[in-house]
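Below is one structure, written out as structure tokens; the observations come after it.
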Amino acid sequence: MLRKEVLIRLIQCCENAKSVSQLHAHLLKSSLLHDDRYVARLCRGYGECVSLDDARKLFDEIPDRNARLWNTLLKGYCYENRHEEALRLFGQMVCGGEEKPDGFTIPKALKACAELRLWDYGRMIHGFVRRNEGFEGNQFVGSGLVEFYMKTGDSCSARNVFRDFHDPDVVMWTCMITGYVQNGRPDEALGIFAEMISVQGLVPDRATFVSVASACSQLFDLKLGRSVHGYAVRKGYDNSLSLMNSLLNLYAKAGFLRNGLNLFRTMPARDVISWSSIIACCAQYGHPDEALSLYNEMVQRGFDPNVVTVISALQACAAGGYLEQGKTIHELVWRKFSDQNVSVSTALIDMYMKNKSPKEAMDVFQRIPDKDVVAWVALLTGFTDNKMASESLGIFCEMLASGIQPDAVAMVKILVACSELGVLKQATCLHGFLIRSGFLSNPYVGASLIELYSKCGNLDFSSKVFHEVCKKDVVVWSSMIAGYGMHGLGREAHDTFQQMILDPSVKPNDVTFLSVLSACSHSGLIDEGLKVFQLMHQYRLRPDSKHYAVVVDLLGRMGDLGRALAVIQGIQTETPLGSDVWAALLGASRVHDNIEVGEFAAENLLHQNQDHAGYYILLSNIYAAYGRWEDMANLRSTIKLRKLNKMTGQSLVEVAR
DNA sequence: GTAGGGTTAG
């Protein structure tokens, strides 16, 4: 007969189904199956080499099971992400009264609750931990509780558990950092990290740095990210694939896509997450063609795209207008995921909508078995973007009728759809709904409602909403300024801007400046507008061609074409100036009928776009003002020859019924 | 016998 120690080693070494079965038979023959050490090992052997279900069968046959045995099986279920079964087993253990939960089984039950987002169940386990002795100072139970509360979005309770703990270890600190990152609160994550190293003097490990790098990428904090990278390399952590992936994401998201790509190319190993990360970053930050060529390279190299990869590649097709490639990916989705994944289907809807194919988008939508709010909103927004906003209203009603609760994004999108249609009646209905549902505390919702009322022509309501919104962020202020501008109230727009910059909690952005500059220009507030333009530098904002166009327009209206020209010539940029700047100059030349400047502007414009009828017409009007009929006739015949049409202006009026 | 980490849809 084999010695006990040898037997344990043998079971540990089991690598295949046959060897596990042989040892099982041997244990039976030697009547050793009552010894829990053997049984637990054997269960693990079955779970790892044969199947968890075989381990379960063995488990069910054993008459007197101890905590170690229950735990072995629980671990197997958690490992295979079979969390429902794990909790059922845990319930069976507790309710059957066979074993009390201990420091090993509780963390696994908490893990299952966290993954299934079962807040009530996890809270009950927390109650058990508090009522019973023996769990104080157990780091495994502590980190299990922190992770559970963080995953269910209850960071307050996670913090309480953490604060009540006497001496949390690195894992618990890391759970807190990771939790805050996962809840989109990177500032708090970095605060905990700072406390961990400076106050407690603990040494962070690989896992800690992965989350710290994620926090940096959420904050676009490249400086801190770089020092994390440097420290990690010095500690020899640069062989951690997760850490490298997290850093790769940080560089690419913080605006240094080239550095990200460089890291990606020089990494010692890459997995599907590395590929997905770099594809997602290229797709989201203006390089859809590069994203797709990386996707194709990945497939050629034999990597298997997962859900995330496919979503990112579809984003690239949406952003770059690659309908054909999008359809090819749709076929792959059909073969691999059979249209069952709602996130992938939503990305498909977005791709088809952005490629002006609403019918295909609708087909994808109808096939989704469990449509969530994100899928509905993708469809709704797509219709608005395809100039079919009245369909968006219908989609919103259908969504409500099917029992899906709208969230803040849904409300913003439906308000945008109403803005497109200019329907005041719907606006007031939605306003009532927003008040009742408490959505007005969300600054994006508030800003969209202000914009909607402005576009429907009711500025009083806009201003009322503006004063009611408690959390006025930059978007809310900018919407109100834009609203005044839209109604020709430059003075009010300018005053609102002045009030805004007195508030230290908000900082104007490029959109704010564009709105206030445009408002000043339309109301002839020349000096005010120029002063506002100068302020951009103080806020470290670089004016883009839209800002320059407004300033040129401003100077042009005043008749100061010389200064307008000087502004244009003073712009230092590597890329050619956008047509909006030249168009503003041409418009100003027409107002003041200046042939030289007009011809100069038109020359630059027609160099970029020869098919814009409006430019020819403006120049021909300048010729007409000087009686240069021949030049005018030449331009008019060019328009006819090229069969150009000037877009006619359109207005929407709501008809009361 | 145990724990924490990287990419994703509106």
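Every chain is numbered from 1 and lettered A, B, ... according to where its sequence line falls, protein lines coming before strand lines. Model, not experiment: these values are computed from the prediction.
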inquiry  = Once side chain to side chain contact (heavy atoms under 4.5 Å, CB included) is applied, do any residues pair with A:Ile197, and if so which ones, sequence neighbours excluded?
reply    = A:Phe193, A:Pro204
Picking from [options], which would you name as closest to the side chain of [X]?
{"X": "A:Asp169", "options": "B:dG5, B:dT7, B:dA3", "answer": "B:dA3"}
{"X": "A:Lys75", "options": "B:dT7, B:dT2, B:dA9", "answer": "B:dT2"}
{"X": "A:Asn249", "options": "B:dT2, B:dG5, B:dT7", "answer": "B:dT7"}
{"X": "A:Val307", "options": "B:dT8, B:dG5, B:dA3", "answer": "B:dT8"}
{"X": "A:Asp102", "options": "B:dG1, B:dT7, B:dA3", "answer": "B:dG1"}
{"X": "A:Cys175", "options": "B:dG4, B:dT8, B:dT2", "answer": "B:dG4"}
{"X": "A:Asn71", "options": "B:dG4, B:dA9, B:dG1", "answer": "B:dG1"}

[Y]/[X] salt bridge by N-O under 4.0 Å criterion:
{"X": "A:Lys413", "Y": "A:Glu420", "answer": "no"}
{"X": "A:Glu360", "Y": "A:Lys354", "answer": "no"}
{"X": "A:Glu331", "Y": "A:Lys327", "answer": "no"}

With a cut-off of less than 4.0 Å, is there a side-chain N or O of [X] near OP1 or OP2 of [N]?
{"X": "A:Gln315", "N": "B:dT8", "result": "no"}
{"X": "A:Lys111", "N": "B:dT2", "result": "no"}
{"X": "A:Gln284", "N": "B:dA9", "result": "yes"}

key: Whole-Å gap separating C1' (B:dT2) and CZ (A:Phe104)   = 6 Å
Close approaches to DNA chain B from [range], in residue order (heavy atom, under 4.0 Å):
{"range": "residues 373-380 of chain A", "result": "A:Val373, A:Val374, A:Val377, A:Ala378"}
{"range": "residues 348-371 of chain A", "result": "A:Asp350"}
{"range": "residues 383-414 of chain A", "result": "A:Asp407, A:Val409, A:Ala410"}
{"range": "residues 132-139 of chain A", "result": "A:Gln139"}
{"range": "residues 181-193 of chain A", "result": "A:Gln182"}

Using a distance-only criterion (donor-acceptor N/O pair, under 3.5 Å, no hydrogens), is the base of [N] paired with the side chain of [X]?
{"X": "A:Ser277", "N": "B:dT7", "result": "no"}
{"X": "A:Ser240", "N": "B:dG5", "result": "yes"}
{"X": "A:Asp205", "N": "B:dG4", "result": "yes"}

key: Check: A:Phe128 main-chain N/O paired with A:Asn132 side-chain donor or acceptor under 3.5 Å   =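 It does hold such a pair.
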query = Do the side chain of A:Ser240 and the main chain of A:Leu243 share a donor and acceptor less than 3.5 angstrom apart?
reply = yes
message = For A:Leu202, run the side-chain contact (heavy atoms from CB on, under 4.5 Å) check against A:Asp169, A:Thr208, A:Val170 and tell me which one passes.
response = A:Val170
ask   = Looking across every strand, which nucleic acid part, if any, lies under 4.0 Å from A:Thr105 by heavy atom: base, sugar-phosphate, or nothing?
value =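 No contact at all - A:Thr105 keeps every heavy atom at 4.0 Å or more from the nucleic acid.
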